[in-house]
Novice: 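Structure provided below as structure tokens; questions to follow.
Computation of the quantities below employed the complete heavy-atom set of this structure, encompassing side-chain atoms and omitting hydrogens, waters and symmetry-equivalent molecules.
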Amino acid sequence: MVDDAGPELPEVGRKAAMRDFVAALKSPFTYSWNNLGAVAGLLWGLPVPFFSLLVDVLASGRPFTPSLILERPIRVFFLLHPFLFAVAFGAMGTVRRRQGRTIARLVLTLEKRAAELSGANAKLQELDRLKAEFMANVTHELKTPLVAIRGYAELILDGKLGTFPESQQEGFAIVRRSAERLHRMIDELLEFQKIDGGGLTLAIEEFDLVSDAREAARTFLPQIQEKGIVLHLELPETLTVKADPEKIGRVLLNLLSNAVKFSPPNGNLWMAIRAGERALVRIADEGPGLSDEAQKHLFTRFWQADGSSRRRHGGSGLGLAIVKGILDAHGCAIRISPREGRGTEALFDLPLPAPAAVAEVTP
Ligand SMILES: Nc1ncnc2c1ncn2[C@@H]1O[C@H](COP(=O)(O)OP(=O)(O)O)[C@@H](O)[C@H]1O
Ligand SMILES: [Mg+2]
């Protein structure tokens with residue numbers, strides 16, 4: 001939060017004004033012909049001795065002589081009036097000039113700062129662009145050898161490159177699984193770059209959400225079996241939604257991947273789809289759940305509850321940032337919260353096709 005108090009303002013008020021005035025009395029500028037205030041004060045004061053002395057002398061009925069002035073001290077006071085006005089107005093002129101200079105100095109400083117900031121901003125934008133370009137290149141380059149590793153591991157495991165000892169089976173299976181995991185992470189990075197750079201375009205169409213959900217669940221069957229997780233699918237036969245099938249597939253994969261990853265061994269995992277005014281998807285697990293802190297940061301890119309290098313679960317911390325980016329682009333909401341009892345549940349909704357379109361096909 002930015003404090004809107006702004007920079008410290010010069011002191012204002014009667015005391016400060018008096019202090020400035022007294023200080024101005026000591027400035028030579030107060031008594032200079034260049035000070036318009038002083039000249040104006042002098043002119044302003046001139047009529048005072050003229051008229052006051054004239055009235056005074058006329059009233060006495062005697063002819064005017066300079067000695068008449070010294071006769072009464074009040075006459076001297078009247079005579080000094082133009083000078084008193086000149087000094088008072090001159091001091092005010094000096095105060096004004098000082099204030100003007102302070103403001104000019106502040107404006108100059110501000111202009112300099114603004115120029116510095118805009119220069120720094122341009123540099124940052126350029127760095128950001130370079131970073132995005134670098135990331136895109138690196139992730140793309142990483143994918144090429146990975147495809148080869150995955151492909152060959154598969155060929156070996158399928159026995160297409162000849163027979164190999166049984167003892168190597170497990171090793172090659174690990175190679176393939178690891179390559180697949182790395183592939184998913186790279187895909188996540190590429191996907192995230194698209195969302196982060198504002199380059200996410202949706203290809204909206206009508207498709208069956210249920211078959212996509214089954215497909216996503218199938219992807220994780222090996223891990224589900226390995227951990228002894230009990231998968232509960234509560235799905236209707238079919239449910240047509242209007243969204244980008246590829247992107248929604250990514251949302252399902254990311255949410256399921258978290259649920260599987262954080263599930264305890266032999267835990268329950270639910271994936272349910274219900275139709276109301278919209279399609280409602282729920283994915284829940286019996287994992288460690290979410291702290292208040294976690295709930296605040298879930299969708300922050302690169303954030304993980306356990307970000308330490310010795311953490312038990314891998315991942316990039318981008319999964320949920322991508323999920324949020326995709327659902328935001330669809331105008332859909334997501335809520336991830338602790339599940340009653342224990343674990344975590346994710347809920348999001350998707351639009352159904354417009355009712356008019358449905359009416360057309362149903363007689
Ligand atoms: N089902 C879940 N149970 C517990 N914690 C979760 C769950 N889903 C997400 N989280 C927390 O949110 C973090 C961010 O998730 P995500 O963006 O998918 O990144 P990643 O899975 O790569 O860590 C996770 O690291 C974890 O701390
Ligand atoms: Mg994840």
Novice: Could you tell me if the side chain of His330 sits less than 4.5 Å from the side chain of Ile326, heavy atoms only?
Specialist: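 SC-SC contact between Ile326 and His330 confirmed.
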
Novice: Can you tell me if Phe29 has over 12 outside heavy atoms packed within less than 6.0 Å of its CZ?
Specialist: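 It does: Phe29 CZ has more than 12 such atoms within range.
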
Novice: For atom CZ of Phe299, decide whether the heavy atoms of other residues, nucleotides or ligands shown that lie under 6.0 angstrom number more than 12.
Specialist: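 Result for CZ/Phe299: enclosed.
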
Novice: State whether the number of non-hydrogen atoms from other residues, nucleotides or ligands found under 6.0 Å of Phe51 atom CZ is greater than 12.
Specialist: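 Open.
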
Novice: Passes side-chain contact (heavy atoms from CB on, under 4.5 Å), Leu43 versus Phe89? Steps please.
Specialist: CA-CA 11 Å; Leu43 294 175; Phe89 280 44; over 6 Å; no

Novice: Take a 6.0 Å sphere around CZ of Arg150 and say whether it holds more than 12 heavy atoms from other residues, nucleotides or ligands.
Specialist: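 Yes - once you tally the heavy atoms of other residues, nucleotides and ligands closer than 6.0 Å, there are more than 12.
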
Novice: Using a strict 4.0 Å threshold on nitrogen-to-oxygen distance, state whether Glu215 and Arg218 make a salt bridge.
Specialist: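 Salt bridge between Glu215 and Arg218, a charged N being under 4.0 Å from a carboxylate O: yes.
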
Novice: Of all the heavy-atom pairs spanning Ala91 and Ala24, show the shortest one and how long it is.
Specialist: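 Nearest pair, atom of Ala91 first, then Ala24: O-CB, 3.5 Å.
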
Novice: With the side chain counted from C-beta on, respond yes when Glu154 and Phe172 share a heavy-atom pair under 4.5 Å apart, and no when they do not.
Specialist: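 Heavy-atom side-chain distance check fails, nothing below 4.5 Å.
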
Novice: Charged N to carboxylate O below 4.0 Å: is that the case for Glu126 and Arg129?
Specialist: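 Looking at Glu126 and Arg129, the cut-off is met.
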
Novice: Using side-chain contact (heavy atoms from CB on, under 4.5 Å), reason through Arg274 and Glu234 one step at a time and then give a plain yes or no.
Specialist: CA-CA 8 Å; Arg274 273 209 329 264; Glu234 297 163 11; over 6 Å; no

Novice: For Asp158, is the CG atom crowded, meaning more than 12 foreign heavy atoms sit under 6.0 Å from it?
Specialist: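 Result for CG/Asp158: enclosed.
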
Novice: Are Gln223 and Ile229 packed together at the side-chain level, in the sense that at least one heavy-atom pair is separated by less than 4.5 angstrom?
Specialist: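 Side-chain contact under 4.5 Å: no.
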
Novice: Kindly indicate whether a cation-pi arrangement holds for Arg301 with Phe192, taking the cut-offs as under 6.0 Å to the six-membered ring centre and within 45° of the axis.
Specialist: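 So Arg301 doesn't make the cation-pi contact.
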
Novice: So, do Arg177 and Ile174 sit near enough that their side-chain heavy atoms are less than 4.5 Å apart?
Specialist: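 Yes; the side chains approach each other to less than 4.5 Å.
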
Novice: Name the orientation class of the two ring planes belonging to Phe77 and His81 (parallel below 30°, tilted from 30 to 60°, perpendicular beyond 60°).
Specialist: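 Ring orientation, 0 to 90° scale: perpendicular.
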
Novice: May I ask whether Leu108 and Leu106 are part of the same hydrophobic cluster, defined by side-chain heavy atoms of I, L, V, M, F, W, Y residues being less than 4.5 angstrom apart, directly or through others?
Specialist: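 No, because Leu108 and Leu106 fall into different hydrophobic clusters, even though each may have its own neighbours under 4.5 Å.
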
Novice: Is the shortest heavy-atom distance from the side chain of Val281 to the side chain of Leu252 under 4.5 Å?
Specialist: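 They are in side-chain contact.
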
Novice: Has Lys242 got a side-chain atom pairing as donor or acceptor with Ala354's backbone, closer than 3.5 angstrom?
Specialist: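 Flag not set: sc Lys242 to bb Ala354 has no pair under 3.5 Å.
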
Novice: Could you tell me whether the side chain of Asp244 and the main chain of Ile204 form a donor-acceptor pair under 3.5 Å?
Specialist: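 It does not hold such a pair.
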
Novice: Tell me if a side-chain donor or acceptor on Asp285 pairs with a main-chain N or O of Thr344 at a distance below 3.5 Å.
Specialist: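 Yes: the side chain of Asp285 pairs with the backbone of Thr344.
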
Novice: Closest approach of Glu206 and Pro353, non-hydrogen atoms and distance?
Specialist: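 Minimum heavy-atom separation between Glu206 and Pro353: OE2-CB, 3.6 Å.
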
Novice: Over all heavy atoms of both residues, which pair between Ala346 and Leu255 is shortest? Give the atoms and the distance, please.
Specialist: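 Ala346 and Leu255 have their closest heavy atoms at CB-CD2, 4.1 Å.
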
Novice: Taking Glu188 first and then Arg184, would you say they form a salt bridge - that is, a charged N and a carboxylate O separated by under 4.0 Å?
Specialist: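 Looking at Glu188 and Arg184, the cut-off is not met.
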
Novice: Does the side-chain contact (heavy atoms from CB on, under 4.5 Å) test come out yes or no for Leu253 and Phe220, once each step is laid out?
Specialist: CA-CA 9 Å; Leu253 282 179; Phe220 291 100; 3.7 Å; yes

Novice: In this structure, which one of Ile336, Val251, Ile334 forms a side chain to side chain contact (heavy atoms under 4.5 Å, CB included) with Lys324?
Specialist: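 Among Ile336, Val251, Ile334, the one meeting side chain to side chain contact (heavy atoms under 4.5 Å, CB included) with Lys324 is Ile334.
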
Novice: So does Thr238 get a backbone contact from the side chain of Asp208, meaning a donor-acceptor N/O pair under 3.5 Å?
Specialist: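 A pair under 3.5 Å: no.
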
Novice: Please report the closest heavy-atom contact between Ala329 and Leu200, naming both atoms and the distance.
Specialist: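 The pair with the smallest heavy-atom distance is CB-CD2, 3.6 Å.
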
Novice: Side-chain contact, heavy-atom cut-off 4.5 Å: Arg250 with Glu246?
Specialist: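 Side-chain contact under 4.5 Å: no.
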
Novice: Is there a side-chain contact (heavy atoms from CB on, under 4.5 Å) between Phe83 and Leu42? Walk through the geometry before answering.
Specialist: CA-CA 6 Å; Phe83 303 104; Leu42 191 73; 4.1 Å; yes

Novice: Does CD belonging to Glu237 count more than 12 external heavy atoms closer than 6.0 Å?
Specialist: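 No, CD of Glu237 has 12 or fewer neighbouring heavy atoms, counting only those of other groups under 6.0 Å.
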
Novice: Give the minimum heavy-atom separation between Leu25 and Tyr31, together with the two atoms involved.
Specialist: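 Closest heavy-atom pair between Leu25 and Tyr31: O-OH, 2.6 Å.
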
Novice: For the pair Thr102 (side chain) and Arg98 (backbone), establish whether a donor and an acceptor sit closer than 3.5 Å, ignoring hydrogens and angles.
Specialist: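 At least one qualifying donor-acceptor pair exists.
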
Novice: For the residue pair Asn254 and Leu318, establish whether any side-chain heavy-atom pair is separated by less than 4.5 Å.
Specialist: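 A side-chain contact is absent here, since even the closest heavy-atom pair is not under 4.5 Å.
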
Novice: Heavy-atom distance under 4.5 Å between the side chains of His183 and Val147, does that happen here?
Specialist: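 Heavy-atom side-chain distance check passes, below 4.5 Å.
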
Novice: What pair of heavy atoms forms the shortest contact from Pro264 to Glu286, and how long is it?
Specialist: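 Reported closest heavy-atom pair: CD-O, 3.4 Å.
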
Novice: More than 12 foreign heavy atoms under 6.0 Å from CH2 of Trp44: is that the case here?
Specialist: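 Count not over threshold, so no.
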
Novice: Counting only heavy atoms not in Glu166, do more than 12 fall under 6.0 Å of its CD?
Specialist: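 Counting neighbours around CD of Glu166, 12 or fewer heavy atoms of other residues, nucleotides or ligands fall under 6.0 Å, so no.
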
Novice: Does Thr94 use its side chain to pair, donor to acceptor, with the backbone of Gly90 at less than 3.5 Å?
Specialist: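 Yes, Thr94 side chain to Gly90 backbone: donor-acceptor pair under 3.5 Å.
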
Novice: What is the ring orientation for Trp270 with His232, classed by angle as parallel under 30°, tilted 30 to 60°, or perpendicular over 60°?
Specialist: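 The arrangement is parallel - the two ring planes meet at less than 30°.
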
